[in-house]
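See structure below.
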Amino acid sequence: MKKTQIYAQEHKQVFLDELFAWLKIPSISADAAYKKDVLHAAEFIKNKLQSVGADKAQVIATAGNPVVYAEKIINPALPTILVYGHYDVQPVVPLELWESPPFEPTIRKTDIHPEGAIFARGATDDKGQTFMHVAAFEAMHQTGELPCNVKFLLEGEEEVGSESLGTFVQNNQDLLKADVVLISDSSMMGKNEPSVCVGLRGILAVEITVKGAKRDLHSGFFGGAVTNPLNALCEMVASLKDENQKITIPGFYDQVHIYSDAERAEINALPFDAEEYKKSIGVNGLRGEKGYSVFEQTATRPTLDLNGIWGGYQGEGSKTIIPSEAHAKITMRLVPGQDPHTIAELFQKHIKQITPLGVSVEVKLGHGGTAYFMDTQSVAYQAASAAVEKTFGMKPYAKRDGGSIPITSLFESVLHCKSVLLGFGLESDALHAPNEHYGLSNFYKGIETIPYFYDFFVKLQK
Ligand code: BES
Ligand code: ZN
């Protein structure tokens, strides 16, 4: 056994304790009330990196949340791996659905994780997965087995669109120079079905505000004569998809990459059990875009979802009003070929066109990013595949995912660096939901696999 692996074995409990301390910090990036905690989480991981031998460890201010940087350059002639992760987490509402408080990490057994899983916000997305890299670095460095240079780049705005990191990457290209980016912020197919993620969708976030009368109206006096902003918003939003779940915005599909029959066959060859899938999320049926499999619907096809819609009276009992305003938050997941700026224009134009008389509509654009794809023939993929095979005893599946890590396409266009998406989470980890968790075995398997990636990458790179 490698010395690194022995070190990791011996430090299992310490690693877990340290991760728990980090998970206790409520670093919610979407809510300004947690600004101090976000900074605290950045400081925490910077200190940890420093204490285990990383150089130049620093918390660097940006226009938004800070970036944490650290490095270990053992020999400039050797390859450099840039580890990316995020220390910010999603909001925790609805709090009452958490079985244990989101920022008091606890271990509980589940059907999928009989050995136990860490329950906490950020457990899998992405503190738990980021911490595996810090632990693996510690193990490699302390045992003298670090085979190449490493740079850490950890951000605090991934869950809100990585805007400040985009600027940071643009302005710090020399500092971030590397041969590959290594990221654990995605999932595997199953606990015993390892996979390496080879695709991510892009994204565009928008917020719609519909305004009607200058004040709420009595729905008895005015109901029937005026346009109700909430009704109007519902009508508009409902019309954005047709009965086949195709998006109705003119031009929306114009740039969508069309996969060949061979590519589609490859995507659909991955094991999939529809009954199990439905059961795992508790639904009685599926209704995706007609003509495509679930894998295709969730990874190679774009989609549009309401993330929230509000307005009018939400309290107890009833209140007979025609509200003066209505709001909706929508995200569109984009696929290769689609440009978020173009889609934003098409969306705004279409909403204008379908706005009914009697209300006005404003569309506020949020974050955006393009889709990402990695070739399985690349050295980086081959190294990831070999590392996973070493620790899981089987070759991983190459799987496209439906989520987004918008900075990956920027790493590619600005740093000319591909990202290896070596995630160890599971779809069932409840990321972004109450009771987020991360299997203990996934956590430790990750720490075991990462050093092999370093070794194989250095070997194959030559
Ligand atoms: N870990 C996810 C990304 C992810 C999810 C990758 C599922 C693969 C499968 C990440 O933290 C995330 O949630 N990203 C956001 C990005 C957005 C806010 C710009 C997402 O996908 O919603
Ligand atoms: Zn996330």
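Remember, predicted model here, so these are calculated numbers, not experimental data. Read the numbers this way: they start at 1 and go in the same order the structure lists the ligands and their atoms. For the numbers below, each heavy atom of this structure counts, side chains included, while hydrogens, waters and symmetry mates do not.
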Q: Would you check if the side chain of Asp429 reaches a backbone N or O of Thr124 as a donor-acceptor pair within less than 3.5 Å?
A: no
Q.
Ring of Phe411, cation from Lys418 - is the NZ or CZ under 6.0 Å from the centre and inside 45° of the axis?
A. no
**Q.** Aromatic contact, His133 with Phe131 (centres under 6.0 Å)
**A.** no
Q.
Determine whether Glu296 and Arg264 satisfy the following criterion, salt bridge (Lys or Arg N to Asp or Glu O under 4.0 Å), listing intermediate values before the conclusion.
A. CA-CA 8 Å; Glu296 293 177 298; Arg264 290 185 69 179; 2.5 Å; yes
Q.
I'd like the residue list for ligand 1, meaning every protein residue with a non-hydrogen atom under 4.0 Å from the ligand.
A. His86, Asp125, Glu158, Glu159, Asp185, Ser186, Leu200, Ile203, Arg333, His367, Asp401, Gly403, Ser404, Ile405, Pro406, His432
Name the atoms and distances for all side-chain donor-acceptor pairs under 3.5 Å in residues 335-342, with sequence neighbours left out.
{"from": "Gln338", "atom 1": "OE1", "to": "Val335", "atom 2": "N", "distance (Å)": "3.0"}
{"from": "Gln338", "atom 1": "NE2", "to": "Phe252", "atom 2": "O", "distance (Å)": "2.9"}
{"from": "Asp339", "atom 1": "OD1", "to": "His341", "atom 2": "N", "distance (Å)": "3.4"}
{"from": "Asp339", "atom 1": "OD2", "to": "Thr342", "atom 2": "N", "distance (Å)": "3.3"}
{"from": "Asp339", "atom 1": "OD2", "to": "Thr342", "atom 2": "OG1", "distance (Å)": "2.8"}

(Q) What I want to find out is whether Lys109 reaches Glu115 closely enough, with some N-O distance under 4.0 Å, to be called a salt bridge. (A) no
Q. Between Lys56 and Tyr69, is NZ or CZ placed under 6.0 angstrom from the six-membered ring centre and within 45° of the ring axis?
A. no
Q: Would you please indicate yes or no on a ring centroid separation below 6.0 angstrom for Phe152 and Tyr84?
A: no
Q. What protein N/O/S atoms are found closer than 2.8 Å to the Zn ion (ligand 2)?
A. Asp125 OD2, Glu159 OE1, Glu159 OE2, His432 NE2
Q: Mind checking side-chain hydrogen bond (donor to acceptor under 3.5 Å, both in side chains) for Glu18 and listing every partner two or more places apart, or none if nothing turns up?
A: Lys48
